[in-house]
Amino acid sequence: MSWTKLVIRYIQFHKLKTVVLVASIFLTTFLPITILILLSEFNEKIISRAQSTPMVIGAEGSPLDLTLHAIYFSSKQPDPIRFATIEEIRQTGWARPVPIYSRYTARQFPIVGTSLDYFQFRNLPLAEGESLSRLGDCVLGSEVARQLQLGPGDRLLSDPENILDLAGHYPLKMLVRGVLEPSSTPDDWGVFVDLKTSWVIEGLGHGHQNLEEETDDLKVEVRSDGTLQATAAVLPYMEITDNNIDSFHFHGETADFPITAVIAVAPDEKNETLLMGHFQVVDNETQLVQPVVVIDELMSLVFQVKKFFDLNAVLIALATLFLLILVLVLSQRLRMREMQTMFKLGCSRGTILRLQFSEIAILFLVSSVLVALAVWGVWLMAGNVVQSLLIGSQG
Amino acid sequence: MANQTAARFVLALILPALWLTPGCQRSDRNPQDNAAFSQPVRSNLVSAVSYPLYYLTGQLLEGTPVKVDLIAPPAGASDQWTPDQQQIETLQKSDLIIANGPGAPFAKWMVRVSLPESRVVPTTDNFSLEEFIMVKDHRVVHRHGPEGEHSHPFMVSETWLDPAMAKKQAGEIATALASSYPEMGDRFQQNLQQLNGSLDGLTERFEMIPTGSVITATPRLKFLTRAAGLPDTHLLWFDLPEESLWQTGGEQAFLDRVKESGSRCILFDTDPPNWLKERLEQLGYPVHSLDSFSQGGLPAGGADFMQVMENNLQILQDSLSR
C-alpha cells in the first residue's frame with residue numbers, strides 16, 4: 001500500500017476530525033475574503049457613480065444626504081430648492097444643469113423627475129419603446145420593468161403620499177413609454193418622468209375634465225339652472241390622456257417650483273471651479289458638493305472601520321492556527337503508537353513525516369478549493385447584492 | 001465570457017493569500033469626461049416656437065447649413081394645442097429651441113411636452129424688468145387658497161411687436177447660435193448686423209407714428225402700442241364677445257371701459273365677427289385688424305415678419321389719422 005493511500009484512508013477514517021479542521025480553515029478564510037469582495041464592490045460601485053456625477057447642487061444640509069439623493073435617489077430627501085437654480089446655473093454658462101426631483105414613488109420604486117438631458121448624461125439607451133414625450137409619460141429602469149412585468153404601453157400608478165389624507169393629491173396613472181437598457185446602476189431601479197410630470201403628481205399642475213363630453217351619469221349631474229356639476233364619483237387617480245392633455249397647465253411661477261437636486265456638468269476644470277466659487281460666495285441657501293469628494297470621505301471612514309475588522313480577522317486566523325497546531329500535536333500524541341508500529345514495520349522517519357505533512361496539505365487543499373468555489377459564487381453575485389443593498393438601504 | 005469566468009476562478013484561488021490587502025483606492029474624476037456631455041452631438045437643426053422667432057433665427061442662419069423649423073399650432077387651432085409626436089421628436093433632436101422667457105411666456109404647450117431643457121433658449125432673458133409688460137386682469141375675480149378674492153396679473157407675450165425688443169431677442173438668439181456653432185460665429189454677427197439694421201429702420205418708423213391713443217381688443221398688442229408711444233386702453237376679449245351676452249350687459253361693460261379713452265378706434269389682432277364689427281362701428285368705434293402673431297404660425301398670404309410689421313404700422317397710422 002502506497003503512502004498516499006495510507007493518508008487517504010486515515011482521513012476517511014477520521015471523518016469528524018477532518019470536517020472540523022476543514023470547516024475551521026474554510027470559515028477563517030472565507031469570511032474575510034467575502035467582506036473584502038463585497039466592500040470592494042461597494043467601493044467600486046459607489047465611487048464610479050460618484051465619479052460620473054461631477055457636481056451636485058441642493059439645499060444646505062448634509063452633503064452626504066444630498067449626494068446619496070442625487071446619485072441613488074434616496075428617500076431621505078434634502079430640502080427642496082427652487083427651479084430658478086437651474087436658470088441661475090444656465091445663465092452663468094459654466095455648466096449644463098440637469099434637474100432632479102425625486103420625492104414620490106410608484107410601487108415603492110423612486111419616481112425621478114428630470115429632463116431628457118439626464119438620459120444623455122448617464123448614457124442610458126432605451127431597450128424598448130420611446131423616450132419621454134409628454135406629460136404623464138414615464139420610462140422605466142430595467143429592474144423596475146422586470147420586477148413589475150411592465151413594458152411600453154402599460155400604465156403605472158404613482159403611490160399615494162398618504163392614504164389617510166383624503167384631501168391629498170390623487171396618484172397619477174402614468175403611461176410607460178419605454179424601458180431602459182440594464183446599466184447595473186441605480187438607474188435600473190428608477191421610474192423616470194419629465195420634471196413637469198412630477199410637479200403634476202405634486203399637485204402644482206392639473207387638467208380639467210370636460211363635463212359636456214362626460215358620459216358617465218355618476219360623475220355628472222345637471223342642476224336645475226341647466227349647468228353641469230361634477231359629482232363626488234370621480235376617479236381615485238389622475239390620468240393624462242389624448243383627450244385631456246391640452247387642458248393641463250400649471251399655477252404659479254415655474255421658477256418657484258421645487259427640485260431636490262441639480263447635477264451640474266462643466267466642460268472643464270476652469271468652469272467647474274468658477275461654478276463652485278459662485279455657489280460658495282453668492283448663495284447661502286444652497287450648497288454645491290462634489291460627490292467624489294463626499295464619497296471618498298465616506299469610504300475613508302468605512303475603511304478605517306474595516307481596519308478593525310481586518311485586525312479581528314487576523315486574530316481569529318491566529319487563534320484558528322494555534323488551535324489547528326494544538327489539534328495536530330494532540331493527534332500526533334494519540335498516533336504515537338501507530339507511528340511506532342509503522343517504524344517497526346520498516347517505514348523510514350522521512351516517510352512518516354511525509355505522511356503527516358500530506359494529511360495537513362490535503363486538509364488545506366480541500367479547504368482552499370471550497371473557499372475558492374464559495375468566493376467565486378460570491379464574486380458572481382456581489383454586483384447585484386451590493387446594488388440591491390445600496391438601493392434597499394435608501395428605501 | 002468563459003475566459004472571464006475562468007480568470008475569476010483562478011483569482012478566487014489565489015485570493016486567500018491576498019485577503020489582507022487593503023481594498024480602497026482613492027480615485028480622482030477627470031473633468032474631461034464631461035466635455036462630451038457639455039458639447040453634445042449636433043443635428044444642425046434649430047426649432048422656434050413662434051413665427052417671429054422663426055423669422056429672426058432664419059435671418060441669422062442665412063448662408064449656413066443650419067436649418068430652422070417652426071413648431072407652432074396650425075391656423076385656427078385652440079390655445080390649448082399640443083404638438084404631435086413627430087413635432088415633439090423634431091424638438092427633442094434640435095440643437096436649440098428658440099422660445100420666449102418666463103417674463104413673456106409664449107407657447108404654453110411647452111409645459112406639456114418633454115424637452116431637453118438645457119437646449120431651450122429663453123430669448124427675453126436680457127430684457128430689463130420694466131421692459132416686460134404685466135397686465136392686471138381687472139375682470140376675473142375668483143377665490144382659492146387663503147388669500148380670498150383676487151385676480152391674477154399676467155405677462156404679455158408678443159414681445160416682437162416692439163422692434164427694439166425683437167432686436168434684443170435677435171441678439172440672444174445670435175449668442176446662443178454662436179455658442180452652439182462657434183465656427184459660424186462671424187457669419188451670425190454679419191447677419192445680426194444686417195437684421196439689426198432692418199429692425200432699427202422699423203423702430204424709426206414707429207417713432208414717426210402721430211400722437212394719439214388707441215383701444216385694443218386684447219393686451220396682446222401692448223408691445224406694439226408701447227413702441228409707438230400710444231396710450232392704450234385694453235379690453236380682455238381673448239374670447240370674442242357672444243352676441244347674446246353683448247345684448248345683456250356686454251355692450252354697457254364695453255362702453256364703461258372705453259369711455260375714459262380719448263380714442264375712437266379699436267385695434268383687433270383677430271378678425272371680429274361681422275355683427276360685432278358693425279355694432280362697434282354703429283357706436284362710433286371703427287375696427288382695425290392687425291397681426292400680433294399670437295397664434296405662432298406662419299402669417300397669412302405668404303408675407304414675412306417685416307412685411308407684416310410694415311402693414312401693422314400702416315394700419316396703425318391710418319387708424320390714428322382718421
Side-chain angles (χ1 to χ4, degrees), chain A residues 29 32-33 36 39-40 43 47 50-52 54 86 90-91 93 95-99 115-117 120-121 131-135 137 194-196 205 245-250 253-255 265-269 272 290 292 296 299-300 302-303 306 310 313-314 368 371-373 375-376 379-380, chain B residues 5 8-41 78-85 88-89 91-92 101-102 105 108-120 122 125 144-145 152 175 179:
Chain A
T29 319
I33 293 173
L36 176 72
L39 212 53
S40 300
N43 182 46
I47 286 277
Q51 278 177 332
S52 64
I86 292 280
R90 211 165 50 80
Q91 283 194 342
R96 200 170 154 187
V98 182
S115 79
L116 292 174
D117 299 319
Q120 193 197 349
F121 167 63
S131 191
L132 304 171
S133 288
R134 311 189 306 180
L135 276 184
D137 289 350
D194 191 282
L195 191 59
K196 290 164 287 202
I245 187 166
D246 293 347
S247 72
F248 269 80
H249 58 279
F250 292 87
E253 286 295 323
T254 313
V265 189
D268 51 41
E269 266 182 281
E272 199 170 284
Q290 287 181 294
V292 75
D296 264 356
M299 292 313 291
S300 302
V302 168
F303 279 91
K306 183 186 170 281
D310 286 347
V314 170
S368 298
V371 167
L373 285 170
V375 165
W376 185 39
W379 209 336
L380 290 178
Chain B
T5 311
R8 284 189 164 191
F9 186 73
V10 171
L11 269 174
L13 273 171
I14 58 168
L15 250 177
L18 303 171
W19 69 270
L20 282 174
T21 312
C24 183
Q25 292 288 319
R26 276 184 167 266
S27 46
D28 293 319
R29 187 182 58 79
N30 178 9
Q32 298 304 319
D33 297 344
N34 302 314
F37 174 71
S38 298
Q39 288 157 353
V41 179
S78 87
D79 288 348
Q80 297 182 335
W81 173 84
T82 303
D84 61 29
Q85 189 59 31
I88 292 172
E89 281 168 19
L91 285 162
Q92 291 184 347
K108 294 187 173 63
W109 51 262
M110 286 177 77
V111 299
R112 297 191 286 269
V113 299
S114 295
L115 300 173
E117 301 293 343
S118 62
R119 284 183 260 156
V120 176
D125 273 6
H144 62 80
H152 293 290
T175 306
S179 167

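Letters go in sequence order (proteins before strands), and every chain restarts at 1.
- Heavy atoms of A:L39 lying under 4.5 Å from chain B are absent altogether.
- Among A:I86, A:L135, A:L116, the residue making the largest number of heavy-atom pairs under 4.5 Å with chain B is A:L116.
- Note on B:E117 versus A:K196: salt bridge recorded, some NZ/NE/NH1/NH2 to OD/OE distance being below 4.0 Å.
- Using a 4.5 Å cut-off between heavy atoms, B:W81 contacts chain A through its backbone alone, with no side-chain atom that close.
- The choice from B:S179, B:P105, B:P122 that makes the most heavy-atom pairs within less than 4.5 Å of chain A is B:P122.
- Residues meeting the salt bridge (Lys or Arg N to Asp or Glu O under 4.0 Å) test with A:D246, sequence neighbours left out: none.
- The greatest number of non-hydrogen atom pairs below 4.5 Å with chain A, out of B:V111, B:T82, B:L115, is found for B:V111.
- Remark: B:Q85 CD to A:S133 OG distance equals 3.5 Å, nearest 0.5 Å.
- In this structure, the side-chain hydrogen bond (donor to acceptor under 3.5 Å, both in side chains) partners of A:D137, at least two apart in sequence or on a different chain, are A:R177.
- Side chains of B:Q92 and B:R119: no donor on one and acceptor on the other come within 3.5 Å.
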